[in-house]
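Report on the structure given below.
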Amino acid sequence: MTRRIAIVRHGRAGAPEQARRAHSIIEREGGVPLAEEEAHEADAVLVLGGDGTILRAAELVRGRRVPILGVNFGHVGFLAEAEPDSLDDAVTRLVRGEFAIDERLTIEVDVCTSEGERYHGWALNEAALIKIDRARMLEVAFGVDGRAVSSYGCDGLVLATPTGSTAYAFSGGGPIVWPTVEALLVVPIAAHALFARPLVAAPSSELTVHLATHSGSDGEVFCDGRRTIPAPAGSVLTVRRSAEPVLLARLEDTPFSGRLVAKFDLPVVGWRGTAAERRRATEG
């Protein structure tokens with residue numbers, strides 16, 4: 001049994017009522033509900049909200065192998081496992097320990113400025129290097145595993161995980177990568193160059209971005225859109241795989257393709273199923 005359950009909720013209308021309902025279910029099942037501030041003491045975290053709230057929960061339990069179960073009270077909710085109408089069942093199964101663990105790759109983010117100042121961060125979705133001056137471009141040189149790959153002016157550069165491939169990297173034209181594929185993504189934003197395509201690197205690769213000293217704009221690194229690191233002209237940004245994954249609790253063995261279709265409401269007209277499905281339909 002997963003006894004201590006921390007509740008992390010969104011801030012929109014209805015959140016207190018949803019939290020009280022979850023609190024009651026946890027107690028009914030013999031669990032101990034904890035406040036968000038006590039998440040570091042929890043055996044699991046119940047998130048009532050969207051992906052942003054789940055990212056906040058991941059931040060709260062960073063450094064501990066604590067599973068996170070999301071109930072989607074947001075918009076798309078790609079990281080969430082359940083919808084509001086199944087809250088009772090989801091909380092019950094979480095308390096009883098009736099779930100599987102989905103380990104998600106995260107990244108370590110380091111910035112060293114030209115003055116020798118060092119900053120560190122991490123991300124589940126992405127580290128996004130974004131220009132500060134809206135009227136100018138960032139001038140960057142990008143490399144993988146210590147070898148230069150390309151240089152160009154751009155509005156930004158998104159260094160993402162497979163989990164983040166459906167977030168900012170997707171909006172920037174990057175590929176959707178199945179979470180079970182271990183990889184690191186590089187997606188330029190509005191690059192002024194003939195070769196500025198998204199790239200997929202090995203999970204063991206080290207991604208390095210040199211921000212030119214003559215760059216038209218200083219930069220700033222946004223980790224999951226929640227934590228910022230300064231990156232003035234002349235800085236070096238390094239991203240590598242982290243040894244600390246984020247653990248998502250899964251209640252159903254739904255393939256990622258199914259989640260993709262459901263979350264993006266993708267049209268599947270013309271799909272006739274697999275050969276096995278067609279055979280079963282014929283035999284039936």
Side-chain angles (χ1 to χ4, degrees), residues 55 104-177 179 181-244:
L55 291 173
R104 294 298 182 92
L105 180 153
T106 65
I107 52 178
E108 302 287 348
V109 183
D110 292 285
V111 172
C112 181
T113 72
S114 60
E115 301 297 323
E117 297 174 302
R118 295 183 178 274
Y119 301 92
H120 177 76
W122 71 279
L124 170 59
N125 274 350
E126 76 280 306
L129 173 63
I130 304 298
K131 67 178 185 178
I132 292 178
D133 188 339
R134 295 179 60 186
R136 298 180 180 275
M137 291 191 297
L138 292 174
E139 296 291 340
V140 301
F142 163 71
V144 179
D145 295 328
R147 299 297 296 270
V149 172
S150 189
S151 59
Y152 38 70
C154 59
D155 284 354
L157 200 62
V158 179
L159 309 175
T161 67
T163 298
S165 72
T166 54
Y168 193 0
F170 172 77
S171 299
I176 293 178
V177 180
V181 176
E182 296 191 333
L184 300 177
L185 286 68
V186 183
V187 181
I189 303 298
H192 191 67
L194 291 176
F195 180 77
R197 298 295 184 184
L199 300 175
V200 179
S204 58
S205 291
E206 182 175 272
L207 311 179
T208 307
V209 183
H210 293 257
L211 185 56
T213 54
H214 62 275
S215 179
S217 172
D218 290 332
E220 195 165 27
V221 179
F222 291 82
C223 297
D224 290 338
R226 295 187 50 78
R227 303 168 296 278
T228 59
I229 300 175
S235 296
V236 177
L237 165 64
T238 305
V239 166
R240 63 181 66 84
R241 179 179 186 165
S242 173
E244 297 181 18

Mind listing the side-chain donor-acceptor pairs of residues 148-158 below 3.5 Å, one per line with the distance, residues two or more places apart or on another chain?
from	atom 1	to	atom 2	distance (Å)
D155	OD1	K131	NZ	2.9

Contacts of type side chain to side chain donor-acceptor pair (under 3.5 Å), residue S215, not counting sequence neighbours | none

Per-pair distances, 0.1 Å, donor-acceptor, side chain in residues 116-127, under 3.5 Å, sequence neighbours excluded:
from	atom 1	to	atom 2	distance (Å)
H120	ND1	V109	O	3.3
H120	ND1	D110	OD1	2.9
H120	NE2	E108	OE1	2.8

Only counting residues at least two apart or in another chain, list the ones meeting side chain to side chain donor-acceptor pair (under 3.5 Å) with T166.
-> none

Shortest non-hydrogen contact from A201 to V144?
-> CB-CG1, 4.4 Å

From the list L129, T238, V209, L184, side chain to side chain contact (heavy atoms under 4.5 Å, CB included) partner of L159 resolves to V209

Nearest heavy-atom approach of A196 to A191 is CB-CB, 3.4 Å

Selection residues 217-232 - residue pairs positive for salt bridge (Lys or Arg N to Asp or Glu O under 4.0 Å), sequence neighbours left out = E59-R226, E59-R227, D224-R227

Tell me, please, which residues at least two apart from D133 pass salt bridge (charged side-chain N to carboxylate O under 4.0 Å, His left out).
-> R136

Atom of A160, atom of A169 and distance for their closest heavy-atom approach | CB-CB, 4.0 Å

Provide the full list of salt bridge (Lys or Arg N to Asp or Glu O under 4.0 Å) pairs with a residue in residues 168-177, sequence neighbours left out, each pair given once.
-> none

With F170 via ring-ring contact (aromatic ring centres under 6.0 Å, His included) - residues at least two apart = F264

Would you call R104 and T161 a side-chain contact if the rule is heavy atoms closer than 4.5 Å?
-> no

side-chain hydrogen bond (donor to acceptor under 3.5 Å, both in side chains) pairs touching residues 187-213, sequence neighbours excluded, are D145-S205, E206-R240

For P198, which residues count as a side chain to side chain contact (heavy atoms under 4.5 Å, CB included) partner, sequence neighbours excluded?
-> P175, V187

Pairing residues for S235 by the side chain to side chain contact (heavy atoms under 4.5 Å, CB included) criterion, not counting sequence neighbours | V111, T113, A231, P232

Within the side chain of S165, is there an N or O that forms a donor-acceptor pair under 3.5 Å with the backbone of V177?
-> yes

